[in-house]
Amino acid sequence: MAAASAIPLITLLTDFGTADSFVGSMKGAILGINPEARIVDLTHEVPAHDVRAGAYLLQTATRYFPPGTIHVAVVDPGVGSARRPLLLSTSTQHFLAPDNGLLSYVLAEEPDAEIRELTSQKYFLAAIGPTFHGRDLFAPVAAWLAQGESLDAFGPRVKDAVRFEIRRPALVKGRLVGEVQHIDRFGNLITNIGYTELRDLTEMDNWLGLQVKVRKAAVKGLQRCYADAKPKKLAALVNSDGWLELFCNQARADKLARAKLGDRVEVRRPR
Amino acid sequence: MAAASAIPLITLLTDFGTADSFVGSMKGAILGINPEARIVDLTHEVPAHDVRAGAYLLQTATRYFPPGTIHVAVVDPGVGSARRPLLLSTSTQHFLAPDNGLLSYVLAEEPDAEIRELTSQKYFLAAIGPTFHGRDLFAPVAAWLAQGESLDAFGPRVKDAVRFEIRRPALVKGRLVGEVQHIDRFGNLITNIGYTELRDLTEMDNWLGLQVKVRKAAVKGLQRCYADAKPKKLAALVNSDGWLELFCNQARADKLARAKLGDRVEVRRPR
Amino acid sequence: MAAASAIPLITLLTDFGTADSFVGSMKGAILGINPEARIVDLTHEVPAHDVRAGAYLLQTATRYFPPGTIHVAVVDPGVGSARRPLLLSTSTQHFLAPDNGLLSYVLAEEPDAEIRELTSQKYFLAAIGPTFHGRDLFAPVAAWLAQGESLDAFGPRVKDAVRFEIRRPALVKGRLVGEVQHIDRFGNLITNIGYTELRDLTEMDNWLGLQVKVRKAAVKGLQRCYADAKPKKLAALVNSDGWLELFCNQARADKLARAKLGDRVEVRRPR
C-alpha cells in the first residue's frame with residue numbers, strides 16, 4: 001500500500017464550483033492541520049451532484065500523479081446521511097471519497113485496492129451540522145494522512161464499497177456497440193470503445209475503412225489528429241487515452257450530431 | 001499580532017474571474033519578489049464589484065488557515081481613488097484589502113485587530129496607471145510581508161476602517177426575523193440566523209416543530225442533513241457553519257422559493 | 001539564457017477550461033516526473049482555439065515571474081499535426097508552446113529569444129493517440145526542464161517560429177488610429193494604443209482635452225482611475241500596463257459602446 005510521500009501532495013476534485021467559499025475552506029482545513037501540504041486543484045466543476053461524471057474525471061485526472069499522492073474527491077448529495085466516508089489505497093495512491101460510487105472507475109482499474117471506512121472522529125473537525133464533510137471530514141483526514149498517520153488509524157477495512165456498473169462495449173452481430181461516456185469542454189464525444197476493442201474488431205490497416213455511427217450521423221474512417229479532418233464535419237479518431245472519440249474540426253461534435261451522454265455508438269468493419 | 005510563518009502562505013480572493021491575466025499577473029508579482037511564497041486560490045468569482053459578497057466569502061473561507069497566513073482580498077471598484085489600501089492583522093492572520101467594507105465580516109469577528117494604512121511606496125510595484133492595485137500594491141506588499149518585513153514598515157495605524165453594518169436577526173413578537181445573507185452554488189439559502197439564536201428561541205427538542213418562512217414558502221421542522229428531506233421540497237437545517245439554511249434535496253431552493261439575497265426569513269416556535 | 005530555478009516554478013495557460021480532467025492530467029504528468037515542481041495556474045479560460053487571445057494573455061500574465069520560471073501555454077487546434085512543439089528561452093524565462101503564433105507577443109518583446117523545436121521523444125510520455133500534447137509532451141518537457149536538463153537536450157535551434165502580426169497604432173492625418181486588442185472580464189476595452197504613443201501625440205498637460213472615439217461613441221479627456229468617471233458613461237484612462245483603455249464606471253464599456261475585438265479606436269488632439 002502507498003506510503004505517504006516526503007512532500008505531501010493533496011489533490012481536490014469536487015462539484016463545489018469556485019464561486020463559493022467551499023474550496024477555500026477545504027484548503028484552510030488541510031493547511032490548518034498540515035501547513036506543509038501541497039494542494040493541487042484537479043477540478044471543482046463536476047456537474048452538481050453528478051457522481052458518475054465525477055467518477056470518470058477522477059480516474060482520468062489522477063492517473064499520472066506520483067506515488068503517495070492523496071486525492072480528495074467530493075461529489076456528495078448524501079452528505080451527512082448513512083453513506084460512509086471511505087479511504088481507498090492502491091499500491092501507489094490514496095483516494096478519500098463518500099461511499100456513493102465516486103470510486104467506481106478507480107476500483108475498476110484497481111480491484112485489489114484496500115478500502116477503509118473513516119470512523120476515527122478524532123481526525124475530523126468539530127462542526128455544528130453535518131452538511132460539509134469536504135471541509136470537516138475529508139480535508140482533515142487528508143491532512144493527517146499526509147502527516148504520516150497509519151492507514152489503520154482512520155478506521156476498519158470494508159469490502160462492500162458502492163460501485164455502479166461501468167458499461168463496456170459489446171460485439172453484436174459483428175459490430176461493436178458502445179456509448180458516449182463523456183463529453184469534454186470542446187464538445188468531443190468520448191466513447192467507451194477502446195483501442196483494444198477496435199483492434200479485436202479488425203486490424204489497424206483497416207481502420208481507414210471503419211464506419212462509426214452515433215445517432216443519425218455516420219463517419220467513415222479514423223483520423224490521426226483533429227487537424228487532419230475536414231472542417232465542420234463529424235470525424236473520429238483514437239485519442240490519447242486510447243478511447244474512440246468523435247470530434248469536429250473547428251466546431252462542436254455534440255452540437256453537430258445532437259449527441260448526449262449515454263448515446264449509443266456503433267462501429268462496423270469495412271466491407 | 002501574527003508573525004510571518006516559516007512557510008509563507010498567501011491566499012487570493014478577488015472578483016477578477018479566471019479568464020483574464022489579472023490573477024496570473026498577481027501571482028507573478030508575488031513570486032517575482034518572494035519566489036518561495038506559496039499561493040492558494042480561494043476564489044476569483046466574487047460577483048464583479050460586489051464588496052458585500054466578497055466580505056462574506058472572505059471571512060468564511062479564511063477561518064481555518066494556519067497562523068501567519070496572509071490573505072489578499074481585492075474587490076475594488078474604487079481602485080486608484082482616495083480609498084485607502086489596508087493591512088489588517090489579527091492575533092493569527094493578516095488581511096490585505098481596499099478600505100471599502102471588504103473587511104467588515106472579519107472585523108465583526110476580530111474587533112481588536114490592528115489596522116494599518118499601506119503608505120510605504122517602496123513596497124509597491126512601479127506602474128503607469130493606478131488601475132490594478134491587486135498586482136501593483138496588494139500583491140507585492142503580501143510578498144514582502146511573507147518575507148518577514150515588520151508590520152510597522154508598511155504604514156501607520158488607523159482606527160476608522162470602512163465597515164458596513166452586518167445585519168443580525170431580531171426577536172419580533174416572539175419570532176426570529178432575519179434574512180438571506182448568501183446563496184451558494186447549489187441554490188441553498190444561507191440565512192443570518194445562527195445556531196445560538198435558534199437555541200435562545202426554543203430548546204433543541206422542539207426544533208422538529210419550528211416553522212421557517214421565506215417569501216411565500218413555509219417549512220416545518222429542521223432536517224439533520226440534505227438527504228433526509230423529501231426530494232424537490234423546500235426544507236431547512238442548521239449547516240456546518242451554524243447557520244439556518246433553506247435547501248431543496250435534488251433541486252435549487254432559490255428557484256423553488258423565488259428567493260434572493262436579503263429576503264426576509266422568519267422562524268416561529270412550535271405552538 | 002535562463003537557468004532552471006532552485007525552486008522549479010511551472011505555470012499553466014490553456015484553453016482547456018477547468019470542468020474537464022485536462023488540467024488535472026497535465027499537473028499529474030508534471031508531478032509524476034518532478035514531484036517537487038510548483039505549479040501555478042495562470043488561466044485555463046482562453047476562448048477555445050483562440051490563439052491570438054492566448055498569445056496576448058500569455059505575455060501579459062507572465063511579465064512579473066521570477067527568473068527560471070517555465071511557462072507552459074497550450075492553445076492548440078492543430079495538436080498532433082505537422083505544427084512543431086517549441087521551447088522559447090529568454091534571458092530569464094522559458095515558454096513551451098505549439099508553433100502556431102501563441103508566442104507572438106512574447107517574441108515581440110523578446111526578439112533575441114532562443115527557440116528550439118522539441119524533438120527528443122525520450123522526454124515525452126508514451127500515449128496512444130496524438131490528441132493531448134499538453135499532457136504527453138509539453139507537461140513532461142516542463143518537468144524535465146525544471147529538473148535541470150540542458151536546453152540543447154530537447155531539440156535543435158530553429159529560427160522560423162510562426163508569429164502573427166501584432167498591429168500597432170498609426171498616425172493618420174494627425175490622429176492616432178489603433179484598435180481594441182483585448183476585452184477584459186469587466187467589459188473594459190483595452191486598446192493597442194500605448195502611453196508612449198499618446199505622449200508622442202501631445203504632451204500630458206493636454207490629455208484632459210484628448211478625444212477618443214470607438215464606433216459611434218466619443219469620449220473627451222482621460223480619467224486617472226475608474227472611480228473618477230461619471231457612473232454609466234463611457235470614459236477612458238491609461239491603465240496599469242500603459243494601454244489606453246475605455247471603461248464605464250458601474251457598467252460594461254463593451255455593451256455600452258457595442259464594441260468588439262479589433263474595432264477601430266481613434267485619438268485626436270485637443271483643438
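Quick note on labels: first sequence line is chain A, next is B, and so on, each numbered from 1. Just so you know, these numbers use all the heavy atoms, side chains as well, and skip hydrogens, waters and symmetry mates.
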Checklist line | Ion pair A:Arg199/A:Glu197, N-O distance below 4.0 Å | finding: no
Checklist line | Interface residue of largest heavy-atom contact number with chain C, from A:Thr43, A:Val40, A:Leu237, A:Leu13, under 4.5 Å | finding: A:Thr43
Next item on the list: Taking only Lys NZ, Arg NE, NH1 and NH2, and the carboxylate oxygens of Asp or Glu, determine whether C:Arg84 and C:Asp160 approach each other closer than 4.0 Å.
Entry: yes
Note to self: Do the side chains of A:Asp41 and C:Lys27 get close enough for a salt bridge, i.e. N-O under 4.0 angstrom?
What the structure shows: no
Item checked: Contact origin within C:Ile33 toward chain A - heavy atom pairs under 4.5 Å -> neither
Next item on the list: Using distance alone, with no hydrogens and no angle criterion, decide if A:Thr18 and A:His44 have a side-chain donor and acceptor under 3.5 Å apart.
Entry: no
Item checked: Region of C:Ile39 that comes under 4.5 Å of a non-hydrogen atom in chain A -> neither
Next item on the list: Could you look at C:Asn34 and say if it's the side chain, the backbone, both or neither that has a heavy atom under 4.5 Å from chain A?
Entry: neither
Checklist line | Toward chain A, the part of C:Asp136 with a non-hydrogen atom under 4.5 Å | finding: side chain
Margin query: What residues of residues 48-61 of chain C make heavy-atom contacts with chain A at a cutoff under 4.5 angstrom?
Written below: C:Ala48, C:His49
Note to self: Looking only at heavy atoms and a cut-off of under 4.5 Å, which of A:Gln250, A:Arg63, A:His182 has the most pairs with chain C?
What the structure shows: A:His182
Note to self: Would you say A:His94 and A:Ser89 are linked by a side-chain donor-acceptor pair, where the criterion is simply a distance under 3.5 Å?
What the structure shows: yes
Pairs of donor and acceptor atoms involving the side chains of residues 224-234 of chain A, under 3.5 Å and at least two apart or interchain, shall be tabulated with distances.
from, atom 1, to, atom 2, distance (Å)
A:Arg224, NH2, C:Gly80, O, 2.6
A:Tyr226, OH, A:Glu245, OE2, 2.7

Check: With only heavy atoms counted, which part of C:Pro77 is less than 4.5 Å from chain A, the side chain, the backbone, both or neither?
Finding: backbone
Item checked: Close aromatic pair by centroid cut-off 6.0 Å: C:Phe186 and C:Phe247 -> no
Note to self: Please classify the contact of A:Asp241 with chain C as side chain, backbone, both or neither, using a heavy-atom distance under 4.5 Å.
What the structure shows: both
Checklist line | Residues C:Asp263 and C:Arg258 bridged, charged N to O under 4.0 Å | finding: no
Notebook entry, point to check: Where does the angle between the aromatic ring planes of C:Phe164 and C:Tyr105 fall among parallel (under 30°), tilted (30 to 60°) and perpendicular (over 60°)?
Noted result: perpendicular
Next item on the list: Heavy-atom distances under 4.5 Å only: say whether C:Arg83 touches chain A with side chain, backbone, both or neither.
Entry: neither
Next item on the list: Determine whether A:Val265 and A:Ile193 make a side-chain contact, defined as any pair of heavy atoms from C-beta on separated by less than 4.5 Å.
Entry: yes
Note to self: Is the shortest side-chain heavy-atom distance between A:Leu244 and A:Leu222 below 4.5 Å?
What the structure shows: yes
Item checked: Under 4.5 Å from any heavy atom of chain A - which part of C:Phe16 -> both
